[in-house]
Every structure is written in structure tokens, then in C-alpha cells.
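Here is the structure we will look at, set down as C-alpha cells.
Everything quoted here is computed from the prediction, not taken from an experiment. Only this structure's heavy atoms are used, side chains among them; waters, hydrogens and symmetry mates stay out.
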There are 2 protein chains.
Amino acid sequence: MFDLDLRSRKPIYEQLIEKMKEMIIHDVLKPNEQLPSVRLLAKQLTINPNTIQKAYRELEREGYIYSIPGKGNFVANKKEAIYDEKVKQLEENILKLCQEAFYIGIKKEQIFSIVERAERAIRGGEEDDSNS
Amino acid sequence: MFDLDLRSRKPIYEQLIEKMKEMIIHDVLKPNEQLPSVRLLAKQLTINPNTIQKAYRELEREGYIYSIPGKGNFVANKKEAIYDEKVKQLEENILKLCQEAFYIGIKKEQIFSIVERAERAIRGGEEDDSNS
DNA sequence: ATAACTGTATTATATTAAATAATACGGTTG
DNA sequence: CAACCGTATTATTTAATATAATACAGTTAT
């Protein structure tokens with residue numbers, strides 16, 4: 001379910017955090033759905049339970065999941081809060097990249113075309129559910 | 001000249017690489033200009049010469065600078081090649097961010113407005129030399 | 001209540017990348 | 001030749017990541 005690269009230069013817990021964020025945002029993991037227990041997931045991934053715990057705690061700190069001691073970890077139902085946070089992050093990153101781009105002389109239109117290319121890539125690869 | 005954060009979680013040599021790339025791209029460091037020697041810069045920044053050397057070698061590998069053993073390290077005159085590479089990188093990064101944004105439902109117009117905000121930030125903070 | 005799950009916490013250890021340190025060799029310059 | 005340069009090598013230190021072994025407490029079902 002959560003396949004990650006153990007030989008990567010990127011820390012395992014970071015990979016797991018990213019993976020789960022993605023799955024939560026993309027609704028692969030539904031709100032209030034129970035996540036695999038720390039110990040079980042550690043066994044499945046053949047990594048240490050503490051590493052899972054570290055990832056879960058960070059995800060909780062950021063509002064993606066919540067935990068009930070003795071019961072388990074669950075996907076947060078604050079989808080909107082997460083979404084807003086994500087949008088804010090994306091805005092910051094895009095803003096930063098654009099500033100850098102403008103700084104070295106790239107024109108606004110050039111960026112627009114990149115944005116449109118990105119849109120086509122998305123629209124081509126997957127359909128919008130809102131009017132299907 | 002190269003002020004960097006020694007207490008950062010980011011490796012010093014990476015910070016130095018980024019800093020110098022920026023200065024080279026923005027023409028603060030002119031083509032064929034001699035860079036401070038490995039030993040001198042290390043003394044100035046109170047860090048180890050090997051760390052400078054590591055940064056310089058990476059910058060050379062990427063074509064930003066060239067070195068003449070016994071003489072010194074110099075800014076590459078392949079500005080265009082560097083620029084093209086930088087543009088390509090930016091395009092990739094922007095594309096990636098946009099795809100992620102679209103994926104969670106952000107509209108194209110929303111991104112356009114971010115781009116325009118970035119442009120205003122740049123145009124406001126510094127003037128364009130091309131018609132001054 | 002007790003066994004078998006859960007999350008949480010703590011401490012110690014191992015592993016790895018980043019950074020330091022100490023040298024050495026050879027080219028360049030004056 | 002002295003004083004710079006870049007380069008290379010090896011050993012060591014440091015800090016983050018990951019592992020390991022436990023322990024404690026809440027939950028659930030029997």
C-alpha cells in the first residue's frame with residue numbers, strides 16, 4: 001500500500017509523510033479512515049516502528065491525521081483546513097519560482113504557457129469528476 | 001560577500017553553491033572573474049577549505065565555473081548554456097507545482113493571478129534595466 | 001479480568017552524510 | 001625559491017536518521 005524506497009537518500013519518514021499526504025489529499029485515504037497501526041505498518045514495510053511513529057506524529061502536527069491512544073490513527077476530517085494549507089504552500093512555492101524566473105528575464109507569457117501545458121497534462125491524464 | 005547560515009539544517013556547501021549560482025546568473029559575478037581562493041574563502045567564512053572545494057567542484061561540474069590548477073577558479077563564460085539550463089530547471093519545477101495544484105482543484109486563473117502577483121513584486125522591488 | 005491489540009515514551013545504539021583536520025603534491029607567479 | 005594557487009587523500013568528529021529494546025497506558029473482545 002505504501003511503497004517507498006528504502007535505499008533513497010531521502011529519509012524514510014519523510015517519504016512516508018509525503019506519500020500519506022498525497023493519498024489523503026487525493027482521497028485515496030478517506031476522512032476518519034483508520035490507518036494501519038504503527039507496529040503493523042512497520043512490519044509490512046520492514047522498518048522500525050519508531051520511524052512510523054515519527055511520521056504519524058508529524059502528520060498529526062500538520063493536521064492530516066489524528067490519533068486516539070489505544071485505538072489508532074485516523075485520517076482527519078478537516079479536509080478543508082488541509083486544503084487551505086496546501087493551497088497556501090503551493091502559492092508560496094509558485095510565487096518564489098516565478099520571482100526567480102522573472103529575475104533571470106523569463107517573460108510572463110512564457111510562464112503562462114508552462115501553466116497551460118501543465119493543465120493539459122493533467123486534463124489529458126485524468127478526467128474532472130465534477131461534470132461526468 | 002557570501003554570507004551563509006552556518007547553523008542551518010542545510011549543508012554549508014549546498015548553501016554556497018546556491019549563493020554562487022545566484023550571483024553568477026544575476027551577473028554579480030562577471031564571466032571570467034576570479035573567485036576567492038579555496039583557502040582564503042574558507043578563512044573568511046571560518047569553515048573548512050574542503051567544504052569550499054566541494055562546492056567549487058560541483059559548480060564546475062555544472063558548468064558555472066572553471067578552474068585552472070595553480071591559478072584559481074573563475075566564472076564560466078558560458079552564460080547562455082547556464083541560462084538555458086536554469087530555464088529548463090525552472091520550467092520543470094513550475095510544471096510540477098502546477099500539476100500538483102491542478103490535482104487538488106486549483107484553477108488556472110488562480111495560478112495566473114499568483115504569477116502576476118510575482119511579477120508585480122519583482123517589477124516593484126527592482127527596475128528593469130532594459131529601458132532605463 | 002485478561003489477552004491482544006492499540007498509541008506513546010524513553011534510552012541506547014548503529015549508520016550515514018556532512019564537515020573538519022592535517023597533510024601532501026604539483027602548477028603559477030614574481 | 002617563496003608564496004600563492006588547485007587538487008587529493010586519509011582520518012576524525014558531528015549530527016541526523018534509523019534501529020532496537022523496553023515500558024506504560026488506553027481499548028476491545030472474550
Would you say a side-chain N or O of [X] is under 4.0 Å from OP1 or OP2 of [N]?
X       : N      : result
A:Lys71 : D:dT28 : yes
A:Tyr56 : C:dG7  : no
B:Thr51 : C:dT20 : yes
B:Asn73 : D:dG6  : yes

Proximal nucleotide (of [options]) relative to the [X] side chain:
X       : options              : value
A:Arg39 : D:dC5, C:dA19, C:dT6 : C:dT6
B:Ile47 : C:dT8, C:dT6, C:dT20 : C:dT20
A:Ser67 : D:dT7, C:dT28, C:dT8 : C:dT8

For atom NZ of A:Lys43 and atom P of C:dC5, their distance in whole Å: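 Taking NZ of A:Lys43 and P of C:dC5, I get 9 Å after rounding.
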
Euclidean distance, atom CD1 of residue A:Ile12 to atom P of D:dA20 [Å, nearest integer]: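 That distance rounds to 11 Å.
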
Check ion pair B:Glu33-B:Lys30 (N to O, under 4.0 angstrom):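 Answer for the salt bridge query: no.
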
A:Arg57/A:Glu60 salt bridge by N-O under 4.0 Å criterion: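 Salt bridge: no.
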
Separation of A:Gln89 CD from B:Leu97 CG (nearest 0.5 Å):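 Going from CG on B:Leu97 over to CD on A:Gln89, the span is 10.0 Å.
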
Check: B:Asn48/B:Tyr13 side-chain N/O donor and acceptor closer than 3.5 Å: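 Short answer, no.
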
